[in-house]
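Taking it in order: structure first as structure tokens, then the write-up.
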Amino acid sequence: MKSLYTIISFMALFCVFEQILCHNPHEQPVARRIVCGYPILATEVTEGPYPWNTTIIKQNVTEGQAGVPLQLTFSFIDANTCNVLEGAAIEIWSCNASGAYSHYVLQSEGLATSGTDDTDFLRGVQMTDANGQATFDTVIPAWYSGRTVHIHMRVHEGGSLTTLADGSEIYTGGKIAHTG
């Protein structure tokens, strides 16, 4: 018999994360359609709660958060050319296993109506590689009222990487080509 976490993990992977995202930066998002033999994921109604201007390049976004480990590899192709999309910045964010979002812990727990904090867990950016892929190590986020288990994503194009004095990298500039 499978555990609840195994079932949730399977459902999340099958229903949300095992999609191939095609995008066309020159057109407005439209209903789901097939391009290059893959489904295009259209922009959602909202970018979701608690977005932040995340720029730090990191594969492991857990920052010590407890939860069931999850490794996500997203694949991207250009809907105009059907070629892999190399060099796009993929940004993700999600709540932790208890439903709290970094930078907005008190708000997401219903303990405040405004304000932010300095936490930065479960947020990060990865650049797509020569195969059009970006991988993140995270945890399965919590379910909370009104939403199914989910992870938010933005695809950025046209920016640049900067290496800081401590050796870390940040992504700056560019434009958002997809929000989902």
Side-chain angles (χ1 to χ4, degrees), residues 2-23 28-34 38-77 85 88-113 116-117 119-128 132-157 171 176-180:
K2 294 185 179 193
S3 71
L4 176 60
Y5 287 120
T6 302
I7 293 169
I8 289 172
S9 178
F10 172 77
M11 288 171 48
L13 286 170
F14 182 76
C15 298
V16 180
F17 307 122
E18 293 267 323
Q19 302 273 345
I20 296 198
L21 173 67
C22 300
H23 83 285
Q28 293 298 316
V30 294
R32 176 179 247 157
R33 59 190 168 114
I34 303 296
Y38 298 102
I40 290 181
L41 300 182
T43 301
E44 298 297 325
V45 174
T46 177
E47 67 183 348
Y50 313 117
W52 192 259
N53 188 20
T54 302
T55 60
I56 300 170
I57 304 294
K58 56 183 175 179
Q59 179 174 331
N60 185 335
V61 299
T62 59
E63 302 289 335
Q65 292 294 301
V68 177
L70 177 65
Q71 185 174 71
L72 302 172
T73 297
F74 298 99
S75 298
F76 298 84
I77 62 171
L85 186 60
I90 311 307
E91 174 190 0
I92 66 166
W93 74 97
S94 70
C95 67
N96 64 12
S98 358
Y101 282 87
S102 63
H103 295 295
Y104 301 93
V105 172
L106 293 178
Q107 286 184 56
S108 55
E109 292 178 343
L111 301 174
T113 57
T116 60
D117 57 64
T119 59
D120 195 41
F121 57 84
L122 303 177
R123 296 177 186 272
V125 176
Q126 279 289 289
M127 303 302 292
T128 55
Q133 296 184 328
T135 299
F136 294 91
D137 296 315
T138 186
V139 297
I140 296 176
W143 167 91
Y144 55 88
S145 182
R147 299 296 297 266
T148 188
V149 173
H150 62 281
I151 293 178
H152 306 273
M153 176 198 312
R154 287 191 281 211
V155 178
H156 304 259
E157 291 184 304
Y171 177 84
I176 296 173
H178 173 83
T179 300

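What you see below is based on every heavy atom in this structure, not just the backbone, and it leaves out hydrogens, waters and symmetry mates. Residue indices begin at 1 and follow the sequence shown.
The side-chain hydrogen bond (donor to acceptor under 3.5 Å, both in side chains) check on Thr138 picks up nothing, with sequence neighbours excluded. For Asp137, the side-chain hydrogen bond (donor to acceptor under 3.5 Å, both in side chains) criterion is met by Gln59, Gln71, not counting sequence neighbours. Partners of Val139 under the side-chain contact (heavy atoms from CB on, under 4.5 Å) rule, at least two apart in sequence or in another chain, are Thr62, Leu122. Every residue two or more places apart in sequence or in another chain that forms a side-chain hydrogen bond (donor to acceptor under 3.5 Å, both in side chains) with Asp120 is listed here: Lys58, His103. Under the rule for a ring pair (Phe, Tyr, Trp, His ring centres under 6.0 Å), the partners of Tyr104 that lie at least two apart in sequence or sit in another chain are Tyr50, Trp52. Applying the side-chain hydrogen bond (donor to acceptor under 3.5 Å, both in side chains) test to Thr128 and every residue at least two apart in sequence or in another chain returns nothing.
The aromatic rings of His152 and His150 lie perpendicular to each other, with more than 60° between the two planes, well past the 30° mark.
Applying the salt bridge (Lys or Arg N to Asp or Glu O under 4.0 Å) test to every pair with at least one member in residues 65-75, sequence neighbours left out, gives no pairs at all.
Ser102 places a side-chain N or O within donor-acceptor distance of the main-chain N or O of Phe121, the cut-off being under 3.5 Å.
Heavy-atom minimum distance, Gly99 versus Ala142: N-CB, 3.5 Å. Counting all heavy atoms, side chain and backbone alike, Ile151 lies closest to Pro141 at CG1-CG, 3.9 Å. The minimum heavy-atom distance linking Thr113 with Gln107 is given by the pair O-OE1, 3.9 Å.
Phe136 CZ to Asn60 CG: the interatomic distance, rounded to the nearest 0.5 Å, is 11.0 Å. Atom CD1 of Ile57 and atom CD of Glu91 lie 10.0 Å apart (nearest 0.5 Å). One distance of note links SG of Cys95 with CD of Gln65; it measures 10.0 Å at 0.5 Å rounding. Taken to the nearest 0.5 Å, the CD atom of Gln133 stands 11.5 Å off from the CZ atom of Phe74. Put simply, CD1 on Ile92 and CD on Gln126 are 9.0 Å apart, with the number rounded to the nearest 0.5 Å.
Results of the side-chain contact (heavy atoms from CB on, under 4.5 Å) test with Val105 over Asn96, Asp117, Leu111 single out Asp117 as the only residue that passes.
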> Run the side chain to side chain contact (heavy atoms under 4.5 Å, CB included) check on Val155 and Ile90 step by step: do they pass?
Replying inline: CA-CA 5 Å; Val155 178; Ile90 311 307; 3.9 Å; yes
>> What verdict does the side chain to side chain contact (heavy atoms under 4.5 Å, CB included) test give for Val125 and His156, after you've listed the backbone C-alpha separation in whole Å, the side-chain angles of each residue and the deciding distance to 0.1 Å?
In response: CA-CA 10 Å; Val125 176; His156 304 259; 5.8 Å; no
